[in-house]
There are 2 protein chains.
Amino acid sequence: MNIYDISQKAGVSIATVSRVLNNNKNVSDKTRQRVLSVMKEEEYQPNAFARGLTLNTMKTVGLLCADTSDPYLGSAISYLEQKLRAHSYESLLCCTGYKQSQKKKCLELLIARHVDALVLIGSSFIEQTTGKNEYLHRAAAQVPVVILNGSLKGANIYSSLCDDAEAVEYATVRLIRSGCQNPVFLYRADTLSGLKKKEGFIRALDLSGQRVSDDQIVMCSGTVTETRDCLLKLHGHLPFDAVLASDDELAIGAIKFGKKAGLRIPDDLSIIGYNNSMLAKCCDPELTSIDNRLEYLCSTSVSLLMNLLNGKSAPDKTVISADIVIRDTTRKTFKEDI
Amino acid sequence: MNIYDISQKAGVSIATVSRVLNNNKNVSDKTRQRVLSVMKEEEYQPNAFARGLTLNTMKTVGLLCADTSDPYLGSAISYLEQKLRAHSYESLLCCTGYKQSQKKKCLELLIARHVDALVLIGSSFIEQTTGKNEYLHRAAAQVPVVILNGSLKGANIYSSLCDDAEAVEYATVRLIRSGCQNPVFLYRADTLSGLKKKEGFIRALDLSGQRVSDDQIVMCSGTVTETRDCLLKLHGHLPFDAVLASDDELAIGAIKFGKKAGLRIPDDLSIIGYNNSMLAKCCDPELTSIDNRLEYLCSTSVSLLMNLLNGKSAPDKTVISADIVIRDTTRKTFKEDI
DNA sequence: TTGTAGGCGTTATCAG
DNA sequence: CTGATAACGCCTACAA
């Protein structure tokens, strides 16, 4: 069933059918109704490919993330997809994993499919080695690239992210003010956001006049149990009384460590997570966590994208500040309150 | 840059270019090399829309799930997308939420986009009221529909799922054998899988000669905290010593309840969750959970789909049995062991 | 307000 | 082995 069939049954030309299809005003009400009724009757569906061919767009955006089984990324995907669909854009998803080669391949795949734009979720897409981001610039030469929770400078690349450094700095200062003497920063990898968070941590210690030792910066990319064991080992030679983790899963590893080590949380050990994911409410005690306002970030990114796709301009970079949700892994009292 | 341009620069016809593109053997090695080199030089990318138009497929499958922020559904999406991509199919994602109207709309959207097949994840897509599944049958009239973790009979509809009833029956028997006298079944809604699980629970009680009272079947669809409070209220008038929950989040609500009520887990209260999601390892004590082998289910569904798309046949329904992962919310000793 | 005709970039069917 | 040429279904000047 195509516009020819419809035009025949309605006794008009295909141009008229097309006009009705596209809500063109130059059609008399009478014929419009006639055409419309035939369409209904025949359950006509315009062919998306043919339309894409001439318009050179199928109203589709490519969504890239490392892995939707990560609750944080999964939430982002869910928000983005729904908001995009509300603007009648659909989402082509790629779960790339963390290997550079796969990320590259997926990007090319989506470009070859003529998506209207790309949204990359997570700073894992941005390499720290200069030159390694060339693939992103090449993609941006074709379609607008929006990076969520990461940032990269370049033509046609737009970043919206949360100020991770500031957030961690604030949270660390809070830990110190609540009486923690030896905080430790726990993170997975030297991604952009990992580095930013680390920077915030170091800044906070600097501010309070402490020197940061290398031992206080712990890299551990593993499961909850592995994280726990990693901290157990560390605690042997470097006792610490607070952990600031770069995501909630790591923070839960820290909770498990505290219990295993016989520490009271938060009295002997304070813990702060990052992302305020649903995990924060599943552990015990419930986790104080930095909330980087994911839904807001997604909304922002989508409206930004809609501007771009409608030919308007948009800021290269949008930075928002985080929130912190206090639960039961941090002390409520502060030194100066006592 | 299109095949005309390429054909000119290579001094051949577009037909030859097309042949090279499609690995047709009827091209001399010499010309093939020439064309290939021009393509490389010009960084030629075939237009996916044009190709879709003639072939009437863009090698795309529609993935429908209620919400990827649910870790279970997020994992399923991740597995499916990657496995499909390995077969060079891409995934158009729709997060439909739980409203029937939205589910319908998304389905139509994807059909209109000429996806090659549809994969529905979760039994939430199957309505219990007869006639309400008409929309699925209509979709199946166009493209194969694969249901993951749900089942529906119909032409061109294929289901692969875990035997939830059996799994719950087994787990409940286990609870009873370990000494639990008053188990309670906790679930979210009368979806297909909800009902199956309930059925398994009732069967287990029947087997052990107990009569099931309505109070033992608790419906609660809310957050962890809401679930906790719901159980607190129930415990007032119906003391129970075991909870079998239809997902891990509910089970964690039960853990929170146990702690609030001052019950020892698992001595006073045994708890079993469902899905064996990452949540099971984040709570404390860690959750015994039924594992419905999600990854295996996803693999099965994808290979099944590949069969269908290659014109081969496939079984209407594949049922696998679940596993149970014992952690710390259930007793290790059994009545007969003592 | 309506219709005609050309074009979008492929694939596929014929001849040669 | 290669090349014309007709689809595929829609959009859009341009004409009427």
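Excluded from the calculations below are hydrogen atoms, water molecules and symmetry mates; all remaining heavy atoms, backbone and side chain alike, are included. By convention in this document, chain letters (A, B, ...) are assigned in the order of the sequence lines, proteins followed by strands, and residues within each chain are numbered from 1. None of the values given here were measured: they were computed from a predicted structure.
With no hydrogens or angles considered, a side-chain donor-acceptor pair links B:Y72 and B:N149 at under 3.5 Å.
Residue contacts for A:Y4: at a heavy-atom cut-off of 4.0 Å it reaches a base atom on one of the strands shown. Using a 4.0 Å heavy-atom criterion, one finds that B:V12 contacts the sugar-phosphate atoms exclusively. Within 4.0 Å of A:N26, counting heavy atoms only, lies at least one base atom of the nucleic acid.
A side-chain hydrogen bond (donor to acceptor under 3.5 Å, both in side chains) with B:D116 is found for exactly one of B:N56, B:T57, B:T60, namely B:T57.
Comparing the end axes of the helix from C:dT1-D:dA16 to C:dG16-D:dC1, each fitted to five base pairs by superposing C1' atoms of four pairs onto the next four, gives an inter-axis angle of 40° (nearest 10 degrees).
For A:T31 and C:dT2, the shortest distance from a side-chain N or O to OP1 or OP2 is below 4.0 Å. For C:dG3, one of the phosphate oxygens OP1 or OP2 lies less than 4.0 angstrom from a side-chain nitrogen or oxygen of A:S13. Checking the phosphate oxygens (OP1, OP2) of D:dC11, a side-chain nitrogen or oxygen of A:R51 falls inside 4.0 Å.
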Identify the pairs formed between an N or O of the protein and an N or O of nucleotides 12-15 of chain C at a distance under 3.5 Å, and give each distance.
none

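Checking C:dT2, C:dT10, C:dC8 against the side-chain heavy atoms of A:S28 singles out C:dT2 as nearest. Distances were taken from every side-chain heavy atom of B:N2 (C-beta onward) to each of C:dT4, D:dC10, C:dG9; the shortest belongs to C:dG9.
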